[in-house]
Amino acid sequence: MGKGLSFWFACSSILVLGAAAIFISYNGWIALLLGILAICNIGWGFVIKAKKNRLNGPKAE
């Protein structure tokens, strides 16, 4: 996975987790939903990375 795509997944996960932290004091259900969304976003990043590695072959870095 490229650096730009990795950076996108990292930043979007941090933003969603930050929003979940803010919503903890306002509404627990929204905070829980945002937490689940962040976990799915992180998982989706790993899925994309695995698919790209399977198509291109792992590269030694």
>> Quick one, W29 with F23, criterion ring pair (Phe, Tyr, Trp, His ring centres under 6.0 Å). Give me CA distance, side-chain angles, the key distance, then yes/no.
In response: CA-CA 9 Å; W29 290 109; F23 270 98; over 10 Å; no

> Where do N41 and S13 come nearest, in terms of heavy atoms and distance?
Replying inline: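 Looking at all heavy atoms of both residues, the shortest contact is ND2-OG, 3.0 Å.
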
> How close do A20 and G35 get, heavy atom to heavy atom, and via which atoms?
Replying inline: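 What the structure gives for the nearest pair is CB-N, 4.1 Å.
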
>> I'd like to check L5 versus K52 (side-chain heavy atoms, cut-off strictly below 4.5 Å). Are they in contact?
In response: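 Yes, at least one pair of side-chain atoms sits under 4.5 Å.
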
> Quick one: CG on L32 to CD1 on I24, what's the gap to the nearest 0.5 Å?
Replying inline: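 That separation rounds to 10.0 Å.
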
> What is the distance from atom CD1 of I39 to atom CG of L34, rounded to the nearest 0.5 Å?
Replying inline: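 That separation rounds to 11.5 Å.
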
Answer with yes or no whether the hydrophobic clustering places [X] together with [Y]; edges join I, L, V, M, F, W, Y residues whose side-chain heavy atoms lie under 4.5 Å apart.
X	Y	result
I48	W8	yes
L37	Y26	yes
V16	I22	yes

> Under the 3.5 angstrom rule, does the side chain of S12 hit a backbone N or O of F9 as a donor-acceptor pair?
Replying inline: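 Yes, S12 side chain to F9 backbone: donor-acceptor pair under 3.5 Å.
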
